Enquirer: 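Just dropping this structure here.
Position 1 is the first residue of the sequence, and the numbers go up from there. All values derive from a computational prediction rather than experimental measurement.
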Amino acid sequence: MAAIVWPSSKTKDATTRDPSLRAKIGPFITKLSTMSTSAGLHLEHIRGAADRRVRTARVTGSYRAVLFQIDTEGEPVYVIHGIWPHDEANRIAESITVGVNPYNGATEVTRIQDCVQQDARAVEQARRTARAELAAARREADELARETARIQAANVKTRRRNARARTAEADGGAPVATRPRNVTASAVPGAVAAPRRDQAPTWPEGLTVETLRDELGIDVRLGAAALAAAHESQLLDLVATARVAWQGEALLCLATGGTIESVREDFELLHPQDVASDPTDADLIAGLRTRAARSTFTWLETDDDLRRAIEGLTFDEWQVFLHPQQRALVDRRTNGPMRISGGAGTGKTVVTVHRAVALAERDIAAGEKTQILLTTYTRNLADDLRRQVSQLDPEIPIADRIGEPGVLVSGLDKVARAVLQRAGDSIAATAEQVIGRHRTRILSYSGDNLWQEVLTLVGGELPEGLRSADFLASEYELVILPNHMTSLRQYLRVRRPGRGVALDRRKRAAVWKAIERYRDRNADLDAASFSEQLALAAAWLDRQAAQGADRLFRHVLVDEAQDLTPAHLLLLRALVEDGPDDLFLAEDSHQRIYGKKITLSHYKIHVRGRSRRLTRNYRTTRQNLNLAFEVLEPGAYEDMEGEAEEHRYVSPRSGPEPVIIHARERADELEKASELLRIWLKEDQENGESAPETIAILVRDRYQRDAVAAGLAQHGIDVRAVDREAVRCGRPVVMTMHRAKGLEFRKVLLFDVSATAIPRSLRDQQYSKADRADAMLRERSLLYVAATRARDQLAISWSGEASPLLEGIVS
């Protein structure tokens, strides 16, 4: 069977003007792949064409496909360029060529008139016309946005006709690429649009058009226009309209912290000296296999590929999208732990799930037992990961418990309990080593209020500044438990980096007395904290491995790793043997809303040289993203390697400016919120959207959630308060910002972002300026997470004085 390579990036061919042609693609592909000599195809050479490989083939009586036939030792490979009316197809076929980029080895289809020289004269010409290229890109981007809006309007009519048959899941709604007018800001009394933020791109030092050409093979016109862009939006227009898709994506990577070498690795580009001077058909095939070419073309090589194409589905509908940079992270083989980072919506979860499936498929192909753990911090996120794995490859076995072959998708706390159950009474020796108590009953949970009980008993013996349940719990989880301290002597000698409060011998002795009382009380209750259970499970696994037992997993992958505690990291390291592709952690330090700041290397997880960063947001509009950045801007963030964390992320999607609503008092804020929701619901009704559950009101805590739901009901807005359960169809939802993590909504209102919304628990952090500052960072992260749940429209309201976290947003 011949292989078909189909254009997966935008091609302005007849299928964009006549969507009915898509129904003809399946039969055409089938015939081309299995009966290329069929007279019905009319597969013809084009006399006088610039490329000897170019052909045209009959799709219908009026339309022909333009393609290239690349010969191999077996069946040929057909590279489809597009479909046009008969005469136009012939003209296009005469003027295009397929070849290998001489600077990087990737295969590209190029029009002859675009094959300009890349010499010094061409570079200077490109610099002179850079502004015109930017203006042309803006016009083309606007045209694409209008075309998207037209298609979506047609889809609305179709959805209305099929409303009864359509399921709520299918109505998720495609992203809107238009640049809409912000009607909401003017419609709600007192509301204003958030200030715009459109900064200049930040390029690697010394980057020139010549460097882009010589090192990466980027067209000099595109490179010159990109470097001339004064605003991020201009660069995004260029990326969206680049003639060769990967070149635009490569420029975006460079503008968001990437290097020449990282781009070369991500897109599988060769060094110029390694590119054949006279490429053969085999070189063309190799160039088509690169990730650069795969951003432009999709291979149809299996019966399943053909079946999906024949069913008339678009590629976005049947192929889980991976950007080349993401694909590089999925495919990468490492000799130890690997870490990826990226802001909200950059695809960390997508990469993690794909990598779990890829590792499973690799192990199965090698005849190895599949033992993979895919884990995250919360149960809701774990449930979603399990669904995604099954959706991506239904053939991958899903394990239900540790020890079973397949991919186990589970929270780490649940894994720890399973390990402790397996340990049974043998845990006693480990408990002696870790917590200084010979205990076998440790499966009951002691509860968070136990530290407060300890304070009541021994708080008077602590220095005044240390009489804090939060301090004691943090000291225990960050210093004492990970180091397996069981005596005051050990505690007096240990270093405590990053704790932010110095303890002399007298203070340490007082703290240790509280720790001993805590451990005694847990023993009385036959209970243990989550952190103790994790640490005990990790230590027991290490003891078993020292006695020759195998580790439980071959590969462990973690999503949302920034929220893990030291005890979690100890367990991760104990679950899998040091070695190739052992640990994979996806994290965003900007989204750390639970745990304290930690560094991987302190817990024997060394990722130096094996860290990569994702920088393109696929979820929210650039307007919403920019407001979220303003929340982060005053904070100083560090990643899990202890390095400064940047927040340079971009979104190709545009939308209305976020809405800022200032109310006099709480009743006024509820009234304005109800008016905003009426407008959103009316807009949805007029646009044919019937998924009100994709509208969310996010609040700081559960008490406020219930109060807001009740208040909106009094104003005639029927909403549903969501706790742990899944979001159901039919009504807008109200939930806490913590609960919303991992979810996305079309429209989001952040309610009561006022000065009084900073939680009272921060008053318990006065013992340490460092811990208080870290708690405020987590508050910034929480607001950032909440803001980035909005896909299309974001609004923020408060009454009285605005939260200090909105500094820079509210004048």
Enquirer: Around atom CD of Glu44, are there more than 12 heavy atoms of other residues, nucleotides or ligands at under 6.0 Å?
Expert: yes

Enquirer: Using distance alone, with no hydrogens and no angle criterion, decide if Thr352 and Thr349 have a side-chain donor and acceptor under 3.5 Å apart.
Expert: no

Enquirer: If we only count heavy atoms from C-beta on, is the Thr129 to Arg131 side-chain gap below 4.5 Å?
Expert: no

Enquirer: Less than 4.0 angstrom from a charged side-chain N to a carboxylate O is my criterion; do Glu683 and Lys747 meet it?
Expert: yes

Enquirer: Is there a side-chain contact between Ile70 and Ile285 (heavy atoms, below 4.5 Å)?
Expert: yes

Enquirer: Any idea how Phe267 and Trp246 line up, ring-wise: parallel (<30°), tilted (30 to 60°), or perpendicular (>60°)?
Expert: tilted

Enquirer: Which residues pass the salt bridge (Lys or Arg N to Asp or Glu O under 4.0 Å) test with Arg608, not counting sequence neighbours?
Expert: Glu641, Glu643

Enquirer: So with a 6.0 Å cut-off around NE2 of His42, is the heavy-atom count from everything else above 12?
Expert: yes

Enquirer: Would you give the length of the straight line joining atom CD of Gln623 to atom CD of Glu657, rounded to the nearest 0.5 angstrom?
Expert: 5.0 Å

Enquirer: For the atom pair CG (Leu227) and CG (Leu251), what is the distance rounded to the nearest 0.5 Å?
Expert: 7.5 Å

Enquirer: Any salt bridge between Arg127 and Glu210, counting N to O under 4.0 Å?
Expert: yes

Enquirer: Is Gln273 atom CD crowded by more than 12 heavy atoms from other residues, nucleotides or ligands, each under 6.0 Å away?
Expert: yes

Enquirer: Is any side-chain N of the basic residue among Arg291 and Asp331 closer than 4.0 Å to the acidic one's carboxylate O?
Expert: yes

Enquirer: Between Met338 and Ser611, is there a side-chain heavy-atom distance shorter than 4.5 Å?
Expert: no

Enquirer: So, taking the atom named CD1 in Ile340 and the one named CG in Leu329, what distance separates them when rounded to the nearest 0.5 Å?
Expert: 5.5 Å

Enquirer: Under a 4.0 Å N-O cut-off, is there an ion pair linking Glu265 with Arg332?
Expert: yes

Enquirer: Any carboxylate oxygen within less than 4.0 angstrom of a Lys/Arg side-chain nitrogen, looking at Arg121 and Glu124?
Expert: no

Enquirer: Walk me through whether His271 and Arg264 qualify under side chain to side chain donor-acceptor pair (under 3.5 Å).
Expert: CA-CA 8 Å; His271 288 85; Arg264 185 177 283 127; 3.2 Å; yes

Enquirer: So, are Arg139 and Asp237 salt-bridged, with charged N and O less than 4.0 Å apart?
Expert: no

Enquirer: Between Val275 and Gly105, which heavy-atom pair has the shortest distance, and what is it?
Expert: CG2-N, 3.5 Å

Enquirer: With sequence neighbours left out, which residue pairs that include part of residues 79-91 fulfil the salt bridge (charged side-chain N to carboxylate O under 4.0 Å, His left out) condition?
Expert: Arg17-Glu88

Enquirer: How many angstroms lie between CZ in Arg622 and CG in Asn617, if you round to the nearest 0.5 Å?
Expert: 11.0 Å

Enquirer: With rounding to the nearest 0.5 angstrom, report the OH to CZ distance, Tyr103 to Arg213.
Expert: 5.0 Å

Enquirer: Thr56 and Arg64: side chain to side chain donor-acceptor pair (under 3.5 Å), yes or no, with the steps?
Expert: CA-CA 6 Å; Thr56 65; Arg64 294 185 69 80; 3.1 Å; yes

Enquirer: Below 4.5 Å, heavy atoms only, C-beta onward: do Leu284 and Arg53 meet side chain to side chain?
Expert: yes

Enquirer: When you measure from the centre of the six-membered ring of Trp299, is the NZ or CZ of Arg289 closer than 6.0 Å and no more than 45° off the axis?
Expert: yes

Enquirer: Just how far is it from atom CG of Asn624 to atom OG of Ser654, taken to the nearest 0.5 Å?
Expert: 10.0 Å

